[in-house]
Amino acid sequence: MTVRTRFAPSPTGLLHIGGVRTALFCWLYARRHGGVFILRVEDTDRERSTPEAVQVILDGMRWLGLDADEGPFYQTQRYPRYREVIREWLAAGKAYHCYCSKEELEAMRNAQLARKEKPRYDGRCRSRREPVAGVTPVVRFKNPLEGAVVVADAVHGDVVFQNSELDDLIIERSDGNPTYNFCVVVDDYDMKVTHVIRGDDHLNNTPRQMNMLRAMGVEPPVYAHLPMILGPDGTKLSKRHGAVSVLAYREEGYLPEALLNYLARLGWSHGDQEIFTLEEMTALFDIADVNKSASAINPDKLAWINQQHLMRLPPGKVVPELRWQLERLGVSAASDSMLESVVLAQRERSKTLKEMAEASRFFFEPPKDYEEKSARKHLTAEAAPVLEQSKAALRALVDWNPAPIHAAIQAQAEAGGLGLGKVAQPIRVAVSGGSVSPPIDQTLSILGRDETLARLERAIAYARR
RNA sequence: GCUCCCAUCGUCUAGAGGCCUAGGACACAGCCCUCUCAAGGCUGGUACGAGGGUUCGAAUCCCUCUGGGAGCGCCA
């Protein structure tokens, strides 16, 4: 039997990190077993679902490379099917009309709470024969009254629920629309889902869904309930920390590979390994290695993983993202080959592509002004002759490459009886505007001879002013 | 309130009764390397929530407590 998993977000908010981790595990599991990954949009809440939110989900999934084999399916387009099942259940006595008013339900709930009981519907309409005039009923599922449901969860093990704890849930509202738990059941059934991998918060819904699946005449799929992801402070994800659209991570300069790697390591592990390519994760992923406890996001570690990927990926792979970041800074991009050199020079000193772009501006446009502290220290009257001589030596170079550039600067230092830093730092400030850049030979090599000489000229004038 | 889930360094985790005076990673501190910043290398501190069992032996199994979380909607 081929494995079929599904990711079923509801487009009522943002596709955030928690959702992405769920999607990733579904995707990995399907890929690992040569199965099918389904995307299903659960938009039955017509009040809160928006087309924009749907688009964010689609864009996010695309950016991450979590491609679906089937879908996206939309629940709102499946209403005829849901009605059909409800009619069948009504006819078969698996469901019934309930005419209780909201006030009546409210009173029931309050009474139960007062008795320190769990609030739940008492099934009083189960035996009602006649419609109540003037009331449009809802439809409720007849949950078994006795016995227990065992959820054989792939991460938690067996979890037992007594049917006496469950009640007859509403499957069709009085406005005729089906409800979430019911739609999920019909969809998972129709789409032949074999593995339901979703957040922990659904564990309590599972026995109801299993009862309904059995009412449809099938044995439920395998369930795997993933632990929650928390904010850095260990509390629930909120807008203030982490609960932002995945696309915000792109803007912050994270690679999809890195974000996915980081998310996979939240709740899943493979020995001591920290860095995984997507291929490695696909080959190694197993639900048996998923742990049960919630975990907090650690932005520092995400940044570290991002840099590890920046350093390992072929530079050509990161060029498009760097170009995108530079464009966001209003810097018009250069050739791919130059950008590749920039990636190579900058990647071990950049946690994110955003940082890399900011630190690389000077390669594409002269510094507007020198960083004050650096200029005061390195663009001094004493430095002027050093810059002057360096400029002459560089102008005379036949081969404009890191090795000869390095040799020329080294020679300047020795001739003046100076440390390399006394020569390199003024040059660095002259070309980059600040005191931090990749090694000076690499920097000048990328910048090009003409641009280097022009910037030295300007800096010499500044030092002598 | 009721039901269910969870519990190893600050954080992410390894650990399926002896390999654990608890390993790795991020972060932090120090040192090395060094033209800046990094990257890299080395060193260091910090954890099995508490109490009871079971066992020759428990981070690992059982119970209780404590602490955290989820669900209990004509939301998903």
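Below, chains carry the letters A, B, ... as their sequence lines are ordered, and counting in each starts from 1.
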Could you tell me how far apart Ile275(A) (CD1) and U13(B) (C1') are, to the nearest whole angstrom? 14 Å

Determine, step by step, whether Asp187(A) and Arg6(A) satisfy the salt bridge (Lys or Arg N to Asp or Glu O under 4.0 Å) criterion, reporting the C-alpha distance in whole Å, the side-chain angles of both residues, the deciding distance to 0.1 Å, and the verdict. CA-CA 10 Å; Asp187(A) 288 347; Arg6(A) 81 325 191 257; over 6 Å; no

Cation over ring face, Arg78(A) and Tyr74(A), 6.0 Å, 45°: no

More 5' along RNA chain B: Val155(A) or Ser269(A), using each one's nearest nucleotide? Val155(A)

Of the nucleotides C74(B), U11(B), U13(B), which has the atom closest to the Ser295(A) side chain? U13(B)

Hunt down the Watson-Crick or G-U wobble partner of U55(B), both distances under 3.5 Å, from any strand shown, or write none. none

Looking across every strand, which nucleic acid part, if any, lies under 4.0 Å from Gly267(A) by heavy atom: base, sugar-phosphate, or nothing? sugar-phosphate

What does the B/S/- profile of nucleotides 16-33 of chain B look like, 5' to 3', with a 4.0 Å heavy-atom cutoff to protein? -------BBBBS------

Ile297(A) atom CD1 is separated from U13(B) atom C1', nearest whole Å, by 16 Å

Worked check of salt bridge (Lys or Arg N to Asp or Glu O under 4.0 Å) between Arg124(A) and Glu104(A): CA-CA 11 Å; Arg124(A) 60 181 63 173; Glu104(A) 196 174 349; 3.0 Å; yes

Would you mind writing out the side-chain donor-acceptor pairs for residues 158-168 of chain A within the sub-3.5 Å range, not counting sequence neighbours?
| unit_1 | atom_1 | unit_2 | atom_2 | d |
| --- | --- | --- | --- | --- |
| Asn163(A) | OD1 | Asn143(A) | ND2 | 3.4 |
| Asn163(A) | OD1 | Asn211(A) | ND2 | 3.0 |
| Asn163(A) | ND2 | Glu146(A) | O | 2.8 |
| Glu165(A) | OE1 | Lys118(A) | NZ | 3.3 |
| Asp167(A) | OD1 | Arg208(A) | NH1 | 3.1 |
| Asp167(A) | OD1 | Arg208(A) | NH2 | 3.3 |
| Asp167(A) | OD2 | Tyr121(A) | N | 2.8 |
| Asp168(A) | OD1 | Arg126(A) | NH2 | 3.1 |
| Asp168(A) | OD1 | Asn143(A) | N | 2.9 |
| Asp168(A) | OD2 | Tyr96(A) | OH | 2.7 |
| Asp168(A) | OD2 | Arg126(A) | NE | 2.8 |
| Asp168(A) | OD2 | Arg126(A) | NH2 | 3.4 |

d(CD, Gln308(A); P, A39(B)) in whole Å: 9 Å

Using both distances under 3.5 Å as the test, list the Watson-Crick or G-U wobble partner of A25(B), or none. U11(B)

Would you mind classifying the nucleic acid contact of Asn181(A) as base, sugar-phosphate or nothing, using non-hydrogen atoms under 4.0 angstrom? base

Side-chain contact, heavy-atom cut-off 4.5 Å: Tyr223(A) with His156(A)? no

A quick test of your reading: do over 12 heavy atoms of other residues, nucleotides or ligands sit less than 6.0 Å from OH of Tyr180(A)? yes

Just jot down the side-chain hydrogen bond (donor to acceptor under 3.5 Å, both in side chains) partners of Gln442(A), sequence neighbours excluded, or say none. none

Does any nucleotide pair with A50(B) by Watson-Crick or G-U wobble geometry, both distances under 3.5 Å, and what is it? U64(B)

How close or far is atom C1' of C74(B) from atom CD of Glu104(A), stated in whole angstroms? 14 Å

Write down the partner of C35(B) under the Watson-Crick or G-U wobble criteria, each distance required to be under 3.5 Å. none

Is Phe276(A) close to Arg265(A) at the side-chain level, that is, under 4.5 Å between some pair of heavy atoms? yes

With a 4.0 Å limit, can you tell me whether Thr12(A) has a side-chain N or O closer than that to the phosphate oxygens OP1/OP2 of A76(B)? no

Atom CG of Leu266(A) and atom C1' of A14(B) are separated, to the nearest Å, by 16 Å

For Lys102(A) and C74(B), is the shortest distance between a side-chain N/O and OP1 or OP2 below 4.0 Å? no

For Gln442(A) and U34(B), give me the distance from atom CD to atom P, rounded to whole Å. 17 Å

Interface polar pairs with nucleotides 35-37 of chain B, N/O, under 3.5 angstrom:
| unit_1 | atom_1 | unit_2 | atom_2 | d |
| --- | --- | --- | --- | --- |
| C35(B) | O4' | Gly421(A) | N | 3.4 |
| C35(B) | O2 | Arg428(A) | NH1 | 3.0 |
| C35(B) | O2 | Arg428(A) | NH2 | 3.0 |
| C35(B) | N3 | Ile440(A) | N | 3.3 |
| U36(B) | O4' | Gln425(A) | OE1 | 3.2 |
| U36(B) | O2' | Ser435(A) | O | 2.9 |
| U36(B) | N1 | Arg428(A) | NH1 | 3.4 |
| U36(B) | O2 | Ser435(A) | O | 3.4 |
| U36(B) | O2 | Ser437(A) | N | 2.9 |
| U36(B) | O2 | Ser437(A) | O | 3.1 |
| U36(B) | N3 | Arg428(A) | NH2 | 3.2 |
| U36(B) | N3 | Ser437(A) | O | 2.5 |
| U36(B) | O4 | Pro439(A) | N | 3.0 |
| C37(B) | O2 | Arg349(A) | NH1 | 2.8 |
| C37(B) | N3 | Arg349(A) | NH1 | 2.4 |

Taking only N and O in the side chain of Gln162(A), is any of them less than 4.0 Å away from OP1 or OP2 of C2(B)? no

With heavy atoms under 4.0 Å as the rule, sort Val159(A) into base, sugar-phosphate or nothing. sugar-phosphate

For a quick check under 3.5 Å, do Asp43(A) and Thr76(A) share a side-chain donor-acceptor pair by atom type? yes

In terms of side-chain heavy atoms of Tyr180(A), which of C6(B), A76(B), C2(B) is nearest? A76(B)

Any strand: nucleotide that pairs with C72(B) via Watson-Crick or wobble, under 3.5 Å: G1(B)

Within this structure, what is the CD-to-P distance between Glu117(A) and C2(B), rounded to whole angstrom? 11 Å

Residues forming a side-chain hydrogen bond (donor to acceptor under 3.5 Å, both in side chains) with His195(A), sequence neighbours excluded: none

Base, sugar-phosphate alone, or nothing: which one does Ser49(A) contact when heavy atoms must sit under 4.0 Å apart? nothing

Between U3(B), C5(B), A14(B), which nucleotide gets closest to the side-chain atoms of His156(A)? C5(B)

How does each nucleotide of nucleotides 68-73 of chain B score, in 5' to 3' order, for protein heavy atoms under 4.0 Å: base (B), sugar-phosphate only (S), or none (-)? --BBBS

So what does Gln307(A) hit on the nucleic acid, given a heavy-atom distance under 4.0 Å: a base, only sugar-phosphate, or nothing? sugar-phosphate

Would you kindly say whether Arg428(A) and Gln425(A) are connected by a side-chain donor-acceptor distance under 3.5 Å? yes

What's Tyr262(A) touching, base or sugar-phosphate or nothing? Going by heavy atoms closer than 4.0 Å. nothing

Starting from C1' on A59(B), measure out to CG on Asn291(A) and report it in whole angstrom. 15 Å

When Ala296(A) and Val160(A) are each assigned the nearest nucleotide of RNA chain B, the 5'-most assignment goes to Val160(A)

